[in-house]
Chemist: 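Sharing a structure here in structure tokens format.
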Amino acid sequence: MENIQTVSDTNQAEIQEIFKSQQQRQYETGRSTAAERIAKLKRFHQAISDYTPEIRQALYDDFRKHPSETDLTEIYCITGEIKHAVRHLKRWMKPNRVATPIALLGSGSYIHYEPKGVVLIIAPWNFPLNLTFGPLVSAISAGNCVMVKPSELTPHTSRIMKKIIDSLFDPDEIALIEGGVETSQALLALPFNHIFFTGAPAIGKIVMEAASKHLASVTLELGGKSPTIVDETASVKTAARRIAWGKFINNGQTCIAPDYLFVHKKIKDTFTEQLHKNLEELYSAEPEKSESYCRMVNNRHFNRVKSYVDEAVSDGAKIISGGVYENDQNYISPSLLTDVKPDSALMQEEIFGPVLPINFYEDLQEPLQIIRSKEIPLALYIYSNSRKNIKQIIRNTRAGGTVINHSVVHFFQNNLPFGGSNNSGIGKSHGFFGFHAFSNARGIMKQILPLSGIDLMMPPYTDMKKKLIDLTVKWF
Ligand code: NAD
């Protein structure tokens with residue numbers, strides 16, 4: 001594959017023209033039946049299968065991602081989301097009848113999910129295919145016209161995604177717009193009906209501000225620091241393996257990666273030993289030679305993470321594993337640190353790289369207090385076999401999602417809402433929740449009988465009507 005370094009911005013006139021044509025097309029697309037949308041999704045699925053070798057190559061060229069990791073964490077997420085939507089879309093689109101209160105007897109009501117209209121999806125680079133096409137599946141299922149902007153930092157994947165979209169859809173229905181911040185801002189200036197943004201909290205604020213100009217609704221899938229607690233009852237070997245996998249997959253560049261650990265002091269030595277062992281099993285004793293271990297996306301992110309570690313070490317932190325760098329390859333070996341100060345960047349900023357600070361605790365109240373002092377995380381992981389501890393942790397913290405005795409895997413569960421809360425996000429995605437995010441739940445009520453209870457309560461307020469209103473307020 002040709003080595004592409006950058007993505008060029010799309011010019012504003014072209015963006016505006018596509019937006020206008022989508023506005024004109026939106027009702028035609030919105031009227032599509034479940035069968036028509038399913039046919040679109042199936043064509044999308046087929047194209048992803050056809051282009052799989054090129055997708056694998058693109059992800060390898062962007063950050064040396066192993067083809068099997070691409071299959072599991074990029075392709076499977078999309079094909080899984082498509083299959084789920086194909087299976088359930090007819091039911092999601094059906095009018096959803098609701099009960100009638102006594103005061104409204106004689107009427108019937110239902111919820112009709114209509115498309116938002118013309119929507120914008122802005123995606124990040126860390127799972128470039130998954131996080132661009134995943135929301136697109138939901139937007140198509142809900143019957144929208146869509147403009148999608150992938151990240152400029154993964155140009156090979158952006159190129160192949162554009163090829164796929166151009167081969168499948170008319171731009172007046174679905175258009176992939178390549179470009180960086182300038183393109184993103186040109187798009188954000190347009191009066192979209194909904195904006196679905198995945199990225200950093202700081203940029204999420206810019207997106208929300210832009211959306212407020214047109215009162216566009218938003219879904220913000222943001223990031224943050226996802227804590228992991230391993231208590232004294234946890235199955236140490238399993239916990240170590242699953243944490244090592246969840247943390248170092250995609251080189252730690254995962255929004256829901258375990259960001260920092262709290263391990264009970266009783267299992268301190270066995271746990272750290274197991275974590276070492278599992279890192280070696282996953283990526284060998286020489287991870288720089290392992291084909292399964294990918295790289296930081298670029299030198300800026302490499303230097304950012306390295307500077308966090310340097311700062312922590314100069315402040316007394318100990319590297320108990322890893323700490324090896326290769327600047328020209330954006331390579332950081334899987335690194336474990338202890339004795340990291342609470343006010344260090346490693347414990348304050350989202351790490352988004354292959355470095356894991358480990359804290360030890362004696363009383364569960366200690367991690368709970370620290371977690372609650374920070375922004376609400378996107379995920380919180382609990383490794384424990386104590387129902388009491390699990391309940392205590394869940395009831396005394398908040399998080400976008402939680403997995404008990406595993407890491408990261410809730411992303412694959414399309415029956416659960418996926419997303420954060422406040423700093424880690426607004427709104428939910430995946431499965432029905434993704435369809436819902438791109439739909440307006442329109443409440444429709446129909447008066448069926450000639451007379452409604454409310455008709456009897458209209459002015460003038462005679463004694464009889466006053467009594468009737470009184471009864472209604474008291475009893476119905
Ligand atoms: P980012 O916010 O820098 O970029 C995301 C998108 O926003 C890109 O398409 C980029 O072109 C655009 N953008 C960047 N600056 C902009 C600006 N000033 N104005 C308008 N648009 C702008 O994020 P990233 O570095 O690509 O991704 C990493 C972040 O995303 C992390 O914080 C991570 O936790 C988060 N993330 C969240 C999820 C989730 O599902 N919640 C998933 C993946 C990543």
Side-chain angles (χ1 to χ4, degrees), residues 6-10 15 62-63 73-74 77 81 120-135 138 147-155 157-158 161-162 176-190 192 195-211 213 218-226 249-259 296-298 300-302 304-305 348-353 375-379 399-401 408 410-412 416-430 433-434 437:
T6 53
V7 162
S8 310
D9 278 300
T10 305
I15 290 175
D62 279 331
F63 47 117
T73 64
E74 302 273 2
C77 297
E81 185 83 51
L120 171 64
I121 295 170
I122 300 180
W125 54 265
N126 64 322
F127 289 92
L129 185 97
N130 173 351
L131 298 171
T132 308
F133 281 175
S138 301
M147 290 176 83
V148 203
K149 194 205 83 66
S151 172
E152 67 280 21
L153 299 186
T154 37
T157 314
S158 181
M161 287 194 290
K162 180 148 180 67
L176 189 139
I177 309 293
E178 285 193 291
V181 175
E182 199 180 298
T183 300
S184 193
Q185 287 177 346
L187 285 161
L188 286 170
L190 298 170
F192 283 96
I195 301 173
F196 188 109
F197 169 81
T198 308
I203 312 299
K205 290 176 192 171
I206 295 175
V207 170
M208 201 162 172
E209 201 178 325
K213 303 254 162 39
V218 291
T219 305
L220 303 178
E221 294 283 352
L222 310 177
K225 293 180 80 63
S226 297
I249 197 166
N250 213 39
N251 220 235
Q253 301 164 114
T254 305
C255 55
I256 45 174
D259 186 274
M296 297 293 297
V297 71
N298 59 28
R300 178 166 68 84
H301 283 283
F302 165 86
R304 178 183 57 79
V305 175
Q348 293 294 328
E349 305 292 330
E350 179 180 17
I351 299 171
F352 226 59
E375 300 280 8
I376 299 174
L378 185 55
V408 172
H410 60 311
F411 192 90
F412 299 112
L416 280 179
F418 181 84
S421 183
N422 297 138
N423 195 67
S424 52
I426 293 177
K428 301 287 174 184
S429 58
H430 291 187
F433 304 94

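All ligand and atom numbering here is 1-based and tracks the order in the structure.
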Chemist: Which bit of Phe352 is near ligand 1, meaning a heavy atom under 4.0 Å away: side chain, backbone, both or neither?
Modeler: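 Side chain only; the backbone of Phe352 stays clear of ligand 1.
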Chemist: Which of these, Ile203, Ile122, Thr198, has its nearest heavy atom closest to atom 15 (N) of ligand 1?
Modeler: Ile203
Chemist: Using modelled atom types only, decide if a donor and an acceptor are shared between the side chain of Asp62 and the backbone of Val297 within a distance under 3.5 Å.
Modeler: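 Flag not set: sc Asp62 to bb Val297 has no pair under 3.5 Å.
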Chemist: Considering only protein heavy atoms, determine whether one is less than 4.0 Å from atom 4 (O) of ligand 1.
Modeler: no
Chemist: Counting heavy atoms only, which part of Ala123 comes closer than 4.0 Å to ligand 1: side chain, backbone, both or neither?
Modeler: backbone
Chemist: With backbone taken as N, CA, C and O and side chain as the heavy atoms from C-beta onward, which portion of Leu378 lies under 4.0 Å from ligand 1: side chain, backbone, both, or neither?
Modeler: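 The side chain, only.
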Chemist: Output all residues satisfying side chain to side chain contact (heavy atoms under 4.5 Å, CB included) with Glu375, sequence neighbours left out; order by chain, then residue number.
Modeler: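 Per chain and number, Glu375 pairs via side chain to side chain contact (heavy atoms under 4.5 Å, CB included) with Asn423.
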Chemist: With no hydrogens and no angle check, is any side-chain donor or acceptor of Ser226 less than 3.5 Å from a backbone partner on Ile256?
Modeler: no
Chemist: Hey, what's the ring geometry for Phe418 with His430, parallel, tilted or perpendicular (30° and 60° as the breaks)?
Modeler: parallel
Chemist: Between the candidates Leu222, Val181, Asp259, Thr183, which shows the shortest non-hydrogen contact distance to atom 17 (C) of ligand 1?
Modeler: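 The nearest heavy atom belongs to Val181.
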Chemist: Give me the residue, atom name and distance of the protein heavy atom closest to atom 1 (P) of ligand 1.
Modeler: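 I find the closest protein heavy atom is Ala200 N, 3.9 Å.
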Chemist: Okay, side chain of Lys149, backbone of Ile177: is any donor-acceptor separation there less than 3.5 Å?
Modeler: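 No.
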